[in-house]
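Predicted, not measured: the structure shown is a model, and the values here were computed from it. Here is the naming used below: chain letters follow the sequence lines, and residue numbers restart at 1 for every chain.
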2 protein chains.
Amino acid sequence: MASISDVIEKFFKELLEQNQGKTIQIQRNEVAKHFDCSPSQINYVLMTRFNVQHGYYIESRRGGGGFIKITMLRADNSQPVHRVLLKEIGSEIAKTQANRIIKALNEQQYISERESSIMKAAMEDQVLISPLNNRDQLRAQLLKGMITVLFQR
Amino acid sequence: MASISDVIEKFFKELLEQNQGKTIQIQRNEVAKHFDCSPSQINYVLMTRFNVQHGYYIESRRGGGGFIKITMLRADNSQPVHRVLLKEIGSEIAKTQANRIIKALNEQQYISERESSIMKAAMEDQVLISPLNNRDQLRAQLLKGMITVLFQR
DNA sequence: TTTAATTGACTTTCTTTGACTTTAATTATA
DNA sequence: TATAATTAAAGTCAAAGAAAGTCAATTAAA
C-alpha cells in the first residue's frame with residue numbers, strides 16, 4: 001500500500017513532468033492541506049526523495065509569500081565521460097589530480113577557460129579550511145558536484 | 001502567490017532595464033500609492049533586495065522634492081565590485097546568502113548561467129561535508145576564492 | 001527489531017503595517 | 001533679509017502576521 005509520502009512524491013513528479021521537468025514552486029501548507037497531512041510531512045518527502053543524490057535540489061523562502069521550489073537537475077549519467085570521471089574521482093582526490101582532470105576537461109572543450117579557473121579556485125588548499133584531514137574528501141565532493149551540473153542535458 | 005515585495009522588486013528591475021541598468025530615481029510615496037502599500041514597504045524592498053549583496057546601492061533625500069535613487073553597482077566603475085563583495089561575504093556565509101550573490105552576478109552578466117551553476121553546486125550543504133560546524137566558513141572561503149579568480153585580469 | 005513514515009509542538013525567517021522621527025524646501029513674518 | 005513656521009518628503013523601528021524549518025516522540029512496515 002502506497003504511503004502518503006509516496007503519493008506526494010508522485011504528485012510532485014507529475015507536476016515536474018507537466019512543466020517539462022524544470023522547476024516547480026509550491027506552498028507547503030497548501031499541499032499539506034490538499035493531502036490532509038501535517039506540513040512537516042512535506043519536508044520529509046523532500047528530504048528523502050528530492051535531494052541532490054536523487055537529482056533534485058530545493059530552495060525555499062519563509063514568511064509571507066513563502067514557497068518551496070523544486071528543481072530537477074537531470075544530470076545525464078549515461079554520458080560515459082561523466083560516469084568515468086565520477087568513478088575516477090572516487091571519495092577523495094588530491095589537488096594535483098583534481099587540477100589534471102579540470103585541465104583535461106578544458107582541453108577537450110567540455111568547459112571554458114573561465115569555468116576551469118572557477119573550478120580550480122575551489123580546489124585550493126587555502127580555500128578548503130578543514131580542521132580534520134578530510135581535505136581530499138571535501139575536494140572530491142566539490143569536484144563531483146561541479147562536474148555533475150556540467151553534464152546536464 | 002508572490003508577495004507585494006516581490007512585485008515591487010520586479011517593478012524596479014524593469015525600470016532599471018528600460019534605463020540600461022544604470023540608475024533610476026523614484027518617489028517613495030508615489031510608488032507606495034501605486035501599489036497600495038505603506039511607504040515603509042518600499043524601504044523594506046530596498047533593504048532586502050537592492051543592497052550591496054544584490055549589486056545595487058541606494059541614495060536618497062528627504063523633504064520637499066525628495067527622492068530615492070537606485071544605482072546598479074555595475075554602472076558605477078568607481079567601486080570595484082569584487083572588493084565590495086569580498087567584504088560583504090566576510091568570514092562565513094549561509095547558503096541562501098551565497099546563492100543570492102551568485103544569482104545577482106548572473107543577472108548582472110558578470111557570469112554565465114553555467115558558471116553560476118558550477119558555483120552554486122559548490123555551495124550545497126551535501127557537498128560541504130565537514131566534521132566540525134564550519135560549513136559557513138568553508139562556503140565563504142570557496143565563494144571568495146571563486147569570485148577572486150573571476151575578477152582578476 | 002530495525003527502518004521508514006507520521007505527527008505536532010516549538011523555532012526561525014520573512015513580510016506587512018503603522019506610529020513616530022528626521023530632514024529639506026517653501027512660505028510667512030519680524 | 002533673516003528667521004520662524006509649515007509642509008513635504010524620506011527614515012526608523014517594533015509589533016503582528018504569515019509561512020517554512022526542526023526535532024523528537026510515536027506509530028507502521030519490512
What pairs of nitrogen or oxygen atoms, one from the protein and one from nucleotides 21-25 of chain D, lie under 3.5 Å apart?
unit_1	atom_1	unit_2	atom_2	d
D:dG21	OP1	A:Ser60	OG	2.9
D:dG21	OP2	A:Asn43	ND2	2.8
D:dG21	O4'	A:Arg62	NH2	3.0
D:dG21	N7	A:Arg28	NH1	3.0
D:dG21	N7	A:Arg28	NH2	3.1

Exam field: side chain A:Lys13 to backbone A:Ile8, donor-acceptor pair closer than 3.5 Å: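 Looks like no, no N/O pair under 3.5 Å.
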Residues forming a side-chain hydrogen bond (donor to acceptor under 3.5 Å, both in side chains) with B:Arg114, sequence neighbours excluded: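 Only A:Glu115 meet the side-chain hydrogen bond (donor to acceptor under 3.5 Å, both in side chains) criterion with B:Arg114.
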Within the 4.0 Å heavy-atom criterion, would you say [X] contacts the bases, only the backbone, or no part of the nucleic acid?
{"X": "A:Gly63", "result": "base"}
{"X": "B:Gly64", "result": "base"}
{"X": "B:Ile4", "result": "sugar-phosphate"}
{"X": "B:Ser3", "result": "sugar-phosphate"}

Ring centroid separation B:Tyr57 to B:Phe50 under 6.0 Å: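 Judged by ring-centre distance (under 6.0 Å), B:Tyr57 and B:Phe50 do not meet the cut-off.
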Kindly list each side-chain donor-acceptor pair under 3.5 angstrom involving residues 26-40 of chain B, sequence neighbours excluded, with atom names and distances?
unit_1	atom_1	unit_2	atom_2	d
B:Arg28	NH1	B:Asn43	OD1	2.7
B:Ser38	OG	B:Ser40	OG	3.1
B:Ser38	OG	B:Gln41	N	3.4

Full working for side chain to side chain contact (heavy atoms under 4.5 Å, CB included) between A:Ile111 and A:Met119: CA-CA 10 Å; A:Ile111 62 176; A:Met119 291 172 71; 4.0 Å; yes
Within residues 88-103 of chain B, residues whose heavy atoms come under 4.0 Å of DNA chain D: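 Heavy-atom contacts with DNA chain D come from no residue of residues 88-103 of chain B; none.
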Complementary nucleotide of D:dA30, counting Watson-Crick and G-U pairs under 3.5 Å: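 Base partner found: C:dT1.
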Nearest-Å distance, [atom1] ([X]) to [atom2] ([N])?
{"X": "A:Asp6", "N": "D:dA30", "atom1": "CG", "atom2": "C1'", "value": "14 Å"}
{"X": "A:Lys33", "N": "D:dA20", "atom1": "NZ", "atom2": "P", "value": "10 Å"}
{"X": "A:Gln41", "N": "D:dT27", "atom1": "CD", "atom2": "P", "value": "16 Å"}
{"X": "B:Gln27", "N": "D:dA8", "atom1": "CD", "atom2": "C1'", "value": "10 Å"}

Side-chain ion pair, A:Glu88 and A:Arg100, N-O less than 4.0 Å: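 The answer is yes: the pair qualifies as a salt bridge.
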Under-4.0 Å salt bridge between B:Glu124 and B:Lys95: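 Salt bridge present between B:Glu124 and B:Lys95.
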Upstream residue (5' side of DNA chain C) when B:Pro39 and B:Thr48 are each assigned their closest nucleotide: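 The residue whose closest nucleotide sits nearer the 5' end is B:Thr48.
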Cluster companions of A:Tyr44 among Ile, Leu, Val, Met, Phe, Trp, Tyr (side-chain spacing under 4.5 Å):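 Answer for A:Tyr44: none, a lone residue.
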Span of DNA chain C in contact with chain B (heavy atoms, under 4.0 Å):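 Answer, 5' to 3': C:dC14 to C:dA25.
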4.5 Å side-chain heavy-atom contact, B:Phe12 and B:Leu46: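 In short, these two side chains touch, coming nearer than 4.5 Å.
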Smallest separation among heavy atoms of B:Asn106 and B:Glu113, with atom names: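 Heavy atoms only, the tightest pair is OD1-OE1, 3.4 Å.
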A:Ile42-A:Met72 co-clustered via ILVMFWY side chain contacts under 4.5 Å: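 Yes; A:Met72 is reachable from A:Ile42 via cluster members.
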